[in-house]
Trainee: 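Encoded as structure tokens, here's the structure I'll be asking about.
Within every chain, numbering begins at 1; the chains are lettered A, B, ... in the order of the sequence lines, protein sequences first and strands thereafter.
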2 protein chains.
Amino acid sequence: MATIKDVAKRAGVSIGTVSHVINNTAAVRNETKDRVLKAIKEFDYQPNSVARSLRSRRTGTISLVLPAIERSMDEPSYLSDLLASIVDESKRYNFDILLSASSSEEEEMTPYKRVVKGKMVDGCIITCTKRNDKRIAYLLSENIPFVAFGRSNVGLDFPYVDVDGEAGVYQGMHYLLDLGHTRIGFIGLPSELFCSEHRLKGYRFALKERGLKFDPALVIEGKTTQTGGYRSMKKLLNVDPPPTAVMISSDLMAFGAMKAAQEEGLIIGRDISIVGFDDVQMANNCHPPLTTIRQPIYKIGVLLCQMLVQLIRGEKLSERQIILLPELIVRESCGPIR
Amino acid sequence: MATIKDVAKRAGVSIGTVSHVINNTAAVRNETKDRVLKAIKEFDYQPNSVARSLRSRRTGTISLVLPAIERSMDEPSYLSDLLASIVDESKRYNFDILLSASSSEEEEMTPYKRVVKGKMVDGCIITCTKRNDKRIAYLLSENIPFVAFGRSNVGLDFPYVDVDGEAGVYQGMHYLLDLGHTRIGFIGLPSELFCSEHRLKGYRFALKERGLKFDPALVIEGKTTQTGGYRSMKKLLNVDPPPTAVMISSDLMAFGAMKAAQEEGLIIGRDISIVGFDDVQMANNCHPPLTTIRQPIYKIGVLLCQMLVQLIRGEKLSERQIILLPELIVRESCGPIR
DNA sequence: ACGTTTTATTAAAACGTTTCAAAAATTATA
DNA sequence: TATAATTTTTGAAACGTTTTAATAAAACGT
């Protein structure tokens, strides 16, 4: 396989010159440049990225570790949507994505250490930020560019993009309350996810505002899977009296919940109202179409990339922390109380 | 940041010894080994993967390029399911996944060249094999390990895993025919995808076997998106007389088709029967649950990884070509003809 | 105690680039 | 034409490992 050496020899120049031509890193006479370009073409030469990275200390690669907790990539969660937008956007800056899997919760840091200390990437995007998230302190201490999707309660200043989950849930609750519901259930995310807190806050706040009592029996924490939603809903339907509406912290769980309700013979949107959170593609295609809180996930991916690339380039971020407002998307899974 | 040099100095040995300790590549006295290990721990040393790759010509990374044609990762297609299983399985062999995006159809080869010639990966997994797929010849010529998901019509011997699409569609058709349907529509994949052929073959064969005439008006080729399925279904419903059942080449399209049918006021499973293909998670959660042909996508991802790892290790494959049988999953989207 | 194996260790040469400082070639100026 | 200024080109030193062949140290057999 041809190396820069071969190209240099063929073009009758030094390897330094070839490098300069490739990287536009010094003036080279047009005539010489043409000779080099020709040689490159002749050999179908492509620089060895590994050697290049070693010397230049840049890899053109961004790390994304799939968290063990959300490795339900086989379900249509927001994560695959996010990944799609990240891949799309990073391509625009000529970055590839290095995808790693973290096995267990305990081994959470292992892939980061390998990838960061091993200098395999120029920066990291972290998702599913948790309360007391260890990754944040680590990445800060290693001084590697990174951006998080989601805030955390670590007392550290770090760049992130997040969605105002409290406002989102509040909107959904507002909508349900306006439909006349007073007994509204809530299916929340695992409490280790920091965003679970905000969403619950939105629920409580909306109730309080209307002078409704918070009933712990109506609040359930479930796994972020369809099965998780399914089980939580079954429990809620067994409460006496059952809720007439349920606010659910993720679409995925909402799908499971819908199934549970349908199994009980309930017509969704008539006998029970459901609001989801995320607005994944499928929300518009399930039956009935799901009323939900839209997270602008594509935009989030784009922002994460853009911010990270800026950090990698050593530029200063104009906005180091971004919180986006989610939006209520009304479809057909809710109806007035009967 | 500590390098192998620092570790060597601290442990009072040569860097070669440190390397041997790390890689278990030569006998080193226990006492010495302990000293080295201690130094490694003290520095929290992690070898620089880039340098390591340059020298050893191994990267521990597998390439996956998201094809432009299927960059509908933002829809719950089989691709995200497949990716999930690949990430999972590759982790078991300590490989990371390098995810690249190919922009346009013309630029299809660019990422492969960069990644393969640039020596960024040890092997490739390619998906969405097309008729006359250029990638296959290229990867063979570059002599880099790779495995394809899907056959192709290039006259070349290459390792792949595929699903018997013909048999799959045949099963679905059989089921519909047994329900009494005789006017059955078919929504196929874009003809550039090689697998589109097999599926259509299954359709034709099933008809022929029952002595039914093939009606071109009932066969439509659509894009592999929900919208694609939606549009194709609208067209089919305008045929006179319309089909009473439709065999659809992907679940994603089936979801769109269901929406189209529901918009026309049809009850799926009663007024019209629909069979999908893939069995993505959502198929079990849409309404009504979709009868479909299951591709064992998780298993496919696992096989692809295993085969690729074997090739990377220079081992010979026991089975160089694997064709899996899909399975009919009966749910509620079909009913007897009325 | 001495050669002979065997076992541990090391020095140094890669791997293929980028990136300096310095040298060479060219052009401008006096 | 000689000198200065500028533009091009180059040589060689990194980057941090692995790996080989050679050396040193230890263990063994007589």
Side-chain angles (χ1 to χ4, degrees), chain A residues 1-37 39-40 43-61 94 113-122 142, chain B residues 1-37 39-40 43-61 94 113-122 142:
Chain A
M1 173 140 303
T3 74
I4 199 175
K5 235 175 180 168
D6 303 311
V7 172
K9 191 176 289 175
R10 172 74 59 99
V13 297
S14 75
I15 63 170
T17 304
V18 176
S19 176
H20 285 136
V21 169
I22 293 171
N23 302 301
N24 232 324
T25 173
V28 3
R29 203 139 44 96
N30 273 334
E31 187 212 333
T32 329
K33 186 186 273 182
D34 290 346
R35 264 192 353 258
V36 171
L37 257 22
I40 288 179
F43 281 117
D44 192 15
Y45 166 74
Q46 179 85 33
N48 180 317
S49 309
V50 177
R52 179 184 276 208
S53 300
L54 177 58
R55 176 59 228 226
S56 69
R57 319 176 89 82
R58 281 175 263 115
T59 63
T61 302
N94 292 316
K113 287 197 175 160
R114 194 182 68 250
V115 144
V116 169
K117 289 217 139 177
K119 296 269 178 280
M120 300 175 78
V121 298
D122 297 338
E142 290 293 336
Chain B
M1 171 138 306
T3 73
I4 200 175
K5 235 175 179 167
D6 303 311
V7 173
K9 190 176 291 178
R10 171 74 59 99
V13 297
S14 74
I15 63 170
T17 303
V18 177
S19 176
H20 286 137
V21 169
I22 294 171
N23 302 300
N24 233 322
T25 171
V28 4
R29 201 139 46 98
N30 272 334
E31 187 211 333
T32 328
K33 187 186 272 182
D34 291 346
R35 269 201 338 268
V36 171
L37 257 22
I40 287 179
F43 283 117
D44 192 15
Y45 166 73
Q46 180 84 32
N48 180 318
S49 309
V50 177
R52 178 184 275 207
S53 301
L54 176 59
R55 176 58 228 226
S56 69
R57 319 175 89 82
R58 280 174 263 116
T59 63
T61 302
N94 291 317
K113 288 196 174 159
R114 193 182 70 248
V115 145
V116 169
K117 289 216 137 176
K119 296 268 177 280
M120 300 175 77
V121 299
D122 297 339
E142 289 293 336

Trainee: Considering non-hydrogen atoms only, spot the tightest contact between A:Val18 and A:Val13 and give its length.
Mentor: CG2-CG2, 3.8 Å
Trainee: Counting any heavy atom closer than 4.0 Å, what does B:Val13 reach on the DNA or RNA strands: base, sugar-phosphate only, or nothing?
Mentor: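 Contact class for B:Val13: sugar-phosphate only.
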Trainee: Provide, to the nearest angstrom, the distance between the CD atom belonging to B:Gln46 and the C1' atom belonging to D:dT17.
Mentor: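 After rounding, the reported distance stands at 13 Å.
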Trainee: What nucleotide, of D:dT10, D:dT19, C:dG16, holds the atom closest to the side chain of A:Asn48?
Mentor: C:dG16
Trainee: Using the side-chain contact (heavy atoms from CB on, under 4.5 Å) rule, take B:Ile40 and B:Ile22 through it: C-alpha gap first, then chi angles, then the decisive distance, then the call.
Mentor: CA-CA 9 Å; B:Ile40 287 179; B:Ile22 294 171; 4.0 Å; yes
Trainee: Report the nucleotide, chosen from D:dG11, C:dT17, D:dT19, that has the shortest atom-to-atom distance to any side-chain atom of A:Arg52.
Mentor: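 Comparing D:dG11, C:dT17, D:dT19 against the side chain of A:Arg52, the answer is C:dT17.
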Trainee: B:Thr32 near the nucleic acid: base, sugar-phosphate alone, or nothing, with a heavy-atom cut-off under 4.0 Å?
Mentor: sugar-phosphate
Trainee: Please tell me if B:Thr17 has a side-chain N or O lying less than 4.0 Å from either OP1 or OP2 of C:dT10.
Mentor: yes
Trainee: Closer to the 5' end of DNA chain C via nearest nucleotide, is it A:Arg29 or A:Asn23?
Mentor: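 So the residue in question is A:Asn23.
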Trainee: May I ask you to decide if A:Thr59's main-chain N or O and A:Thr61's side chain share a donor-acceptor pair within less than 3.5 Å?
Mentor: yes
Trainee: Choosing from C:dC20, D:dT20, D:dA14, which nucleotide comes nearest the side chain of B:His20?
Mentor: D:dT20
Trainee: Could you let me know what D:dA22 is paired to, Watson-Crick or G-U wobble, both distances under 3.5 Å, or none if it's on its own?
Mentor: C:dT9
Trainee: Report yes if a side-chain nitrogen or oxygen of A:Tyr45 is closer than 4.0 Å to either non-bridging phosphate oxygen (OP1 or OP2) of C:dG16; otherwise report no.
Mentor: no
Trainee: Measure from CZ on B:Arg114 to P on C:dT17 and round the result to the nearest Å.
Mentor: 16 Å
Trainee: Given atom CD1 of B:Ile4 and atom P of D:dC15, what is their separation to the nearest angstrom?
Mentor: 14 Å
Trainee: Tell me the interatomic distance from B:Asp34, atom CG, to C:dA8, atom P, rounded to whole angstroms.
Mentor: 13 Å
Trainee: Which nucleotide, D:dT10, D:dG16, C:dT18, lies nearest any side-chain atom of B:Arg55?
Mentor: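 It is D:dG16.
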Trainee: Considering every strand and a 4.0 Å limit on heavy-atom distances, what is the contact class for A:Thr3: base, sugar-phosphate, or nothing?
Mentor: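 Sugar-phosphate contact only - A:Thr3 comes under 4.0 Å of backbone atoms but never of a base.
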Trainee: Is there a side-chain polar atom (N or O) of B:Ser56 under 4.0 Å from OP1 or OP2 of D:dT18?
Mentor: no
Trainee: If you take all heavy atoms of A:Arg52 and A:Pro47, which pair is closest and at what distance?
Mentor: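 Scanning both residues completely, I find the closest heavy atoms to be NH2-CG, 3.1 Å.
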Trainee: Checking the side chain of B:Asp6 only, and the main-chain atoms of B:Thr3 only, is there a donor and an acceptor separated by less than 3.5 Å?
Mentor: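 Such a contact is found between B:Asp6 side chain and B:Thr3 backbone.
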Trainee: Just N and O in the side chain of A:Ser19: are any of them under 4.0 Å from OP1 or OP2 of C:dT18?
Mentor: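 The answer is yes; a side-chain N or O of A:Ser19 sits under 4.0 Å from OP1 or OP2.
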Trainee: Using both distances under 3.5 Å as the test, list the Watson-Crick or G-U wobble partner of D:dT30, or none.
Mentor: C:dA1
Trainee: In this structure, how many angstroms lie between the C1' atom of D:dG16 and the CD1 atom of B:Ile22, rounded?
Mentor: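 In whole Å, D:dG16 C1' and B:Ile22 CD1 are 11 Å from each other.
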Trainee: Take the protein atom CG of B:Leu54 and the nucleotide atom P of C:dA13, then report the distance between them rounded to whole Å.
Mentor: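 Rounding to the nearest Å, CG of B:Leu54 and P of C:dA13 are 17 Å apart.
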Trainee: Let me know, please, whether A:Ala26 or A:Arg57 comes out on the 5' side of the other along DNA chain D by nearest nucleotide.
Mentor: A:Ala26
Trainee: Might you point out which heavy atoms bring B:Phe43 and A:Lys117 nearest each other, and give the distance in Å?
Mentor: O-NZ, 4.2 Å
Trainee: Find the distance B:Lys5:NZ to D:dT17:P and express it as a whole number of Å.
Mentor: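 Atom-to-atom, B:Lys5 to D:dT17, this comes out as 10 Å.
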Trainee: Give the rounded distance in Å between these two atoms: NZ of B:Lys33 and C1' of C:dT7.
Mentor: 13 Å
